[in-house]
Undergrad: 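Pasting a structure below so you can have a look.
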Amino acid sequence: MKKYSKIILLGISLFTITNNAQQKVYNYVDPMIGSEGVGRVFIGPSCPYGMVKPSPDCTVSPNSGWLPLPKEVTGFSQVHVSGTGGGPKYGNISIMPFSGALDKVDQTSYRAEENVKLGYYETIFKENQIKTEITTAEKVSFYRITYPKNKSKELKIDAGFFLGEEAIPDGREAQQFVGSQIEIVSDKEVRGYSRIRGGWNNGRAYTVYFYAVFDQPIAKYVTYKDGKFYNNQASQFDSGKKTAALLSFGNGGKEELNVKIGISFLSELKAKNNIEVEIPNWDFNAVLVSLENKWEQLLSRVQLSPDTSNDYKKMFYTGLYHTMIMPVDRTGENPLWTNNEPYYDDFYCIWDTFRSSSPLITLIDTKRQVDIVNGMLNIYKREGYLPEGRSGNDNGRTQGGSNAEVVLADAFVKKIKGIDYELALQAMLKDATVPPGGNEEKEGRGGLLDYLRLGYVPYGTDRAGNRTIDYSYNDYNIATVAKGLNKTDLYNQYIKQADNWQNLWRSDYTNTGSTGFIMPKDASGNWLDDVVFGESKIQKPTFKYTPVIIESPWYVCHWCVFFYEGNSWEYSLSIPHDVPELVKKSGGETAFKNRLDTFFDTKLYNVANEPSFLTPCLYHWIGKPYLSSDRIREIITNNFNTSHEGLPGNDDSGAMSSWLAFHMMGLYPNAGQPYYLLNTPLIKETTLQLAEGKVFKITTKKMSDKNKYIKSALLNGKPYNKAWILHDDIAKGGELIYEMDSKPSTWGTTILPPTK
């Protein structure tokens, strides 16, 4: 009897341990969601906002480095980005295990299998059966490489490799080699650096320093420079040529080789120090557990009801995970200036992330968002402009507006403490008043003087349409902060400029049954039906511009067009600060509903493009929030899933993933404004652990596939009839309870969302 009782107790104990393991929410993260197709997410291990992101590189082409099987692997580099479009960035300091002679740099192999989970990557190569496992700390990669028994253990360290290499010098968005260096310091240490310029943001040169240490001594080696091998020459200094080292650890001793690679943007010695501080031991599993715990602490701030499906849990927690990979925390690793303030890089780019990524971090990782904003202000103080498409320690690139202003305004209206908002306003005004000079693409506002003189950016200036719309919203952001800081004159000026989008609104233009569109206008105030393309001074070929044109002819640069990565149907609905005026200009509520229905039903809506992120919620402004919920549910059902192709567009540093995560909770921010729109959640109950120990819960009663409409709501026990909620009401904690029904009700139809 006692033995039987012990068995029962043992069974209960094992069940409890297993159940607790299952409750770790990081187990629901699948880094492979969105890895194939157009998602382009990074699949390797990363700390939250981690500087080092090691993973395989499959040729020099992909942005994230990774491509699906059966594509070959050229090596494992230590720095990557996630979810980006355009040209690649990084891919620095590549290593590759192999067996055999030290006589060639190309050690490309094919994967027989691959295992990926949060914080961990593993593959086995077909040709030589070498197993490579990777985990990471903040600034140090950790490799555990297992070679077949009785096979020699070799390793390549390639300081000359990088992603995005092209033969054409100074190719736009291509990375270009500047220099590299490598040195075998001892029988267990190698150091060096990689210096590269360009990439998506066409940035100045950046340098990635490394320090590699091994738990076995090097038996022999050769170094490499510019196509030649050198025996017993321990170092190859930087002379503008590619360098590498081939190391042999022999075929004796244990089959497992452990490698730690410290990375720094300051120096090789700082890279070494990063190892000593972050991973002083050789315990691979301990590093992995530490990484898992870091993610668990973050991700578990949002708890979903226990009956949430595994697919929804995977989609949601992977969405949070992807949102918190970038921007990258490089505090203490800034080569440009020295201070103790936060430094963040790889805003890749704010044009994509301001809408939902920044607000999601603000909501569930507020202290981090304070650091990120202060990092942006730190960049402004030292370089004169806020970042937009910053990467490789260089602002480098803009696409539309000066959208760091939205991020600053969003923090301000949500009353986030720890930020100097007087300085923030000063930075915003710099963008709005001082032309950036040069090609007007690096930072600030291109076409600014015309915008200030005419009230719009005229056709002929690159991206005139979306720049005008974005600048109008950015001016609204300035007005918001100025008003809050009691600067009345500034408020009056910029709230007026916030209407500038109306100067490109062609009220008599009709397309597909809808009237009024943002359309091209020249500097003389003439509407343009036919627009010139090309740069010939002799011929002036034209094409007809319509609201459904997404791209110009193939022989015109895609970044020179009127609307960048979108068309007038999309951008004409992207006026987040003045939807009531947009409804009015579209012909009133009935015409606006028909316009939205046409937009979605005829597939003009592009789920993969950030300018349309808010559009499914626009039914709120005509008192029909249930239609917003219908559209959102349909979009998610048709476009998001747990497969490797589970994202419908570039994740863009978490933009696509954060959009999904917000809508699964039934919230959606209008960035730069102090409220969230409320929609039917996909999850029955969501509990948010917020700053200062506050808890906010969203609960549904009787929700099902049939009962998908909100019949009524209670906020902290009192009737709540608005289909939007202030950030303050969430931040102070409480509970929002929905009573669900099978048909739409009058809930949320009378008190419309705030406006300017």
Side-chain angles (χ1 to χ4, degrees), residues 44-47 50-57 65 74-81 89-97 105 107 132 134-145 155-163 175 177-197 205-215 218 221 223-225 234-238 241-247 257-280 282 287 328 330 332-335 345-346 392-393:
S46 173
C47 288
M51 189 176 89
V52 169
K53 291 179 169 57
S55 76
D57 293 312
T74 58
F76 303 90
S77 63
Q78 316 314 310
V79 191
H80 292 92
V81 292
K89 193 81 176 184
Y90 301 130
N92 309 95
I93 316 303
S94 176
I95 73 167
M96 186 66 170
V105 172
Q107 296 292 343
T132 303
I134 318 173
T135 190
T136 191
E138 304 279 349
K139 303 178 181 70
V140 184
S141 305
F142 199 144
Y143 291 80
R144 183 165 62 190
I145 304 167
L155 183 71
K156 175 184 74 169
I157 301 183
D158 189 347
F161 179 86
F162 58 95
L163 293 171
Q175 291 204 109
F177 182 78
V178 178
S180 71
Q181 185 164 293
I182 201 159
E183 179 185 8
I184 299 167
V185 181
S186 73
D187 64 354
K188 290 187 177 181
E189 300 167 293
V190 176
R191 66 186 179 187
Y193 62 77
S194 168
R195 183 170 290 130
I196 308 296
R197 62 182 172 87
Y206 65 91
T207 304
V208 179
Y209 298 92
F210 78 93
Y211 206 99
V213 296
F214 319 104
D215 69 342
I218 301 167
Y221 63 84
T223 54
Y224 168 91
K225 180 189 264 188
S235 62
Q236 296 295 340
F237 63 84
D238 187 351
K241 305 295 182 184
K242 292 186 178 182
T243 59
L246 303 180
L247 314 175
L257 173 68
N258 288 284
V259 182
K260 294 185 287 192
I261 304 176
I263 294 297
S264 174
F265 285 79
L266 294 181
S267 70
E268 295 157 348
L269 288 178
K270 181 61 166 61
K272 181 182 181 182
N273 179 255
N274 288 340
I275 298 175
E276 294 167 347
V277 170
E278 294 187 357
I279 313 180
W282 288 101
V287 175
V328 168
R330 293 203 193 137
E333 286 286 344
N334 182 2
D345 199 6
D346 294 335
N393 303 308

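Residues take their numbers from the sequence shown, with the count starting at 1.
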Undergrad: Decide yes or no for V190 and I218: does some side-chain heavy atom of the first lie under 4.5 Å from some side-chain heavy atom of the second?
TA: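 In contact.
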
Undergrad: Please name the pair of heavy atoms, one in Y90 and one in R330, separated by the smallest distance, quoted to 0.1 Å.
TA: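 Reported closest heavy-atom pair: OH-NH2, 2.7 Å.
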
Undergrad: At what distance, to the nearest 0.5 angstrom, does CG of L247 lie from OH of Y221?
TA: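 Separation between the atoms: 10.0 Å.
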
Undergrad: Write down the atom of Y143, the atom of P54, and the distance for their closest heavy-atom approach.
TA: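 Residues Y143 and P54, closest heavy atoms: OH-CB, 3.5 Å.
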
Undergrad: Is it the case that D238 and Y193 place a side-chain donor and acceptor less than 3.5 Å from each other?
TA: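 The criterion, which ignores hydrogens and geometry beyond distance, is satisfied for Y193 and D238.
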
Undergrad: May I ask you to test the L163-H80 pair for a side-chain heavy-atom distance under 4.5 Å?
TA: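 Sidechains of H80 and L163: in contact.
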
Undergrad: Could you walk me through whether I263 and K139 pass side chain to side chain contact (heavy atoms under 4.5 Å, CB included), step by step?
TA: CA-CA 6 Å; I263 294 297; K139 303 178 181 70; 5.5 Å; no

Undergrad: Pair K242, V105 - check side chain to side chain contact (heavy atoms under 4.5 Å, CB included), show working.
TA: CA-CA 11 Å; K242 292 186 178 182; V105 172; over 6 Å; no

Undergrad: Measure the OG1-CD1 distance between T223 and I157 for me, rounded to the nearest 0.5 Å.
TA: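 The OG1 atom of T223 sits 12.0 Å away from the CD1 atom of I157.
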
Undergrad: Rounded to the nearest 0.5 Å, what separates atom CZ in R191 from atom CZ in F210?
TA: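 The CZ atom of R191 sits 10.0 Å away from the CZ atom of F210.
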
Undergrad: Any side-chain heavy-atom pair from V185 and E268 closer than 4.5 angstrom?
TA: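 Result no, sub-4.5 Å side-chain heavy-atom pair not found.
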
Undergrad: State, to 0.1 Å, how close G262 and A271 come at their nearest heavy-atom pair, and which atoms those are.
TA: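 Looking at all heavy atoms of both residues, the closest pair is O-CB, 3.4 Å.
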
Undergrad: Quick one: does F214's side chain get under 4.5 Å of L155's, heavy atoms only?
TA: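 Yes; the side chains approach each other to less than 4.5 Å.
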
Undergrad: Is there a donor-acceptor contact under 3.5 Å from the side chain of E138 to the main chain of E278?
TA: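 Side chain of E138 to backbone of E278: no pair is present.
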
Undergrad: Kindly compute the distance separating CG (D158) from CD1 (I93), expressed to the nearest 0.5 Å.
TA: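 It comes to 8.5 Å.
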
Undergrad: Strictly distance-based, threshold 3.5 Å: is any side-chain N or O of S55 a donor or acceptor partner for the main-chain N or O of S77?
TA: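 Flag not set: sc S55 to bb S77 has no pair under 3.5 Å.
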
Undergrad: Measure the NZ-CD1 distance between K89 and I196 for me, rounded to the nearest 0.5 Å.
TA: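 Going from the NZ atom of K89 to the CD1 atom of I196 covers 10.0 Å.
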
Undergrad: Run S94 and T74 through side chain to side chain contact (heavy atoms under 4.5 Å, CB included) and show every step you take.
TA: CA-CA 9 Å; S94 176; T74 58; 5.6 Å; no

Undergrad: Do K188 and V213 have side chains that approach each other closer than 4.5 Å (heavy atoms only, starting at C-beta)?
TA: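 Of all side-chain heavy-atom pairs linking V213 with K188, none is under 4.5 Å.
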
Undergrad: Please confirm whether the backbone N or O of N393 pairs with a side-chain atom of D345, one donor and one acceptor, at under 3.5 Å?
TA: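 Yes, D345 side chain to N393 backbone: donor-acceptor pair under 3.5 Å.
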
Undergrad: Could you tell me whether the side chain of P335 reaches within less than 4.5 Å of the side chain of F265, counting heavy atoms only?
TA: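 Yes; the side chains approach each other to less than 4.5 Å.
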
Undergrad: Which pair of non-hydrogen atoms, one from R195 and one from A205, has the smallest distance, and what is that distance?
TA: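 Result for this residue pair: CG-CB, 4.2 Å.
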
Undergrad: Does any part of the side chain of L266, heavy atoms only, come nearer than 4.5 Å to the side chain of E333, both counted from C-beta?
TA: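 SC-SC contact between E333 and L266 confirmed.
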
Undergrad: For residues W282 and V259, report the shortest heavy-atom separation together with the two atoms involved.
TA: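 Smallest heavy-atom distance, with atoms named: CZ3-N, 4.1 Å.
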
Undergrad: Applying side chain to side chain contact (heavy atoms under 4.5 Å, CB included) to V52 and V140, what does each step give before you reach the verdict?
TA: CA-CA 6 Å; V52 169; V140 184; 6.0 Å; no

Undergrad: With a 4.5 Å cut-off on side-chain heavy atoms, are L257 and D215 touching?
TA: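 D215 vs L257: side chains touch.
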
Undergrad: Taking only residues two or more places apart in sequence, or in another chain, which ones meet Y224 in a ring-ring contact (aromatic ring centres under 6.0 Å, His included)?
TA: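 ring-ring contact (aromatic ring centres under 6.0 Å, His included) check on Y224 returns F229.
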
Undergrad: Just wondering, more than 12 heavy atoms not from K270 lying within 6.0 Å of its NZ?
TA: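 Counting other residues, nucleotides and ligands, NZ of K270 exceeds 12 neighbours.
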
Undergrad: Mind listing the closest non-hydrogen atom pair of Q78 and S141 along with its distance?
TA: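 In terms of heavy atoms, the two residues are closest at OE1-OG, 2.8 Å.
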
Undergrad: Quick check for you: to the nearest 0.5 Å, what is the distance between I275 atom CD1 and E189 atom CD?
TA: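 Rounded to the nearest 0.5 Å, the CD1-CD separation comes out at 8.5 Å.
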
Undergrad: Does K272 qualify as a cation-pi partner of Y209, given the criterion of NZ or CZ under 6.0 Å from the six-membered ring centre and within 45 degrees of its axis?
TA: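 No; the conditions do not both hold, so K272 does not lie above the ring face of Y209.
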
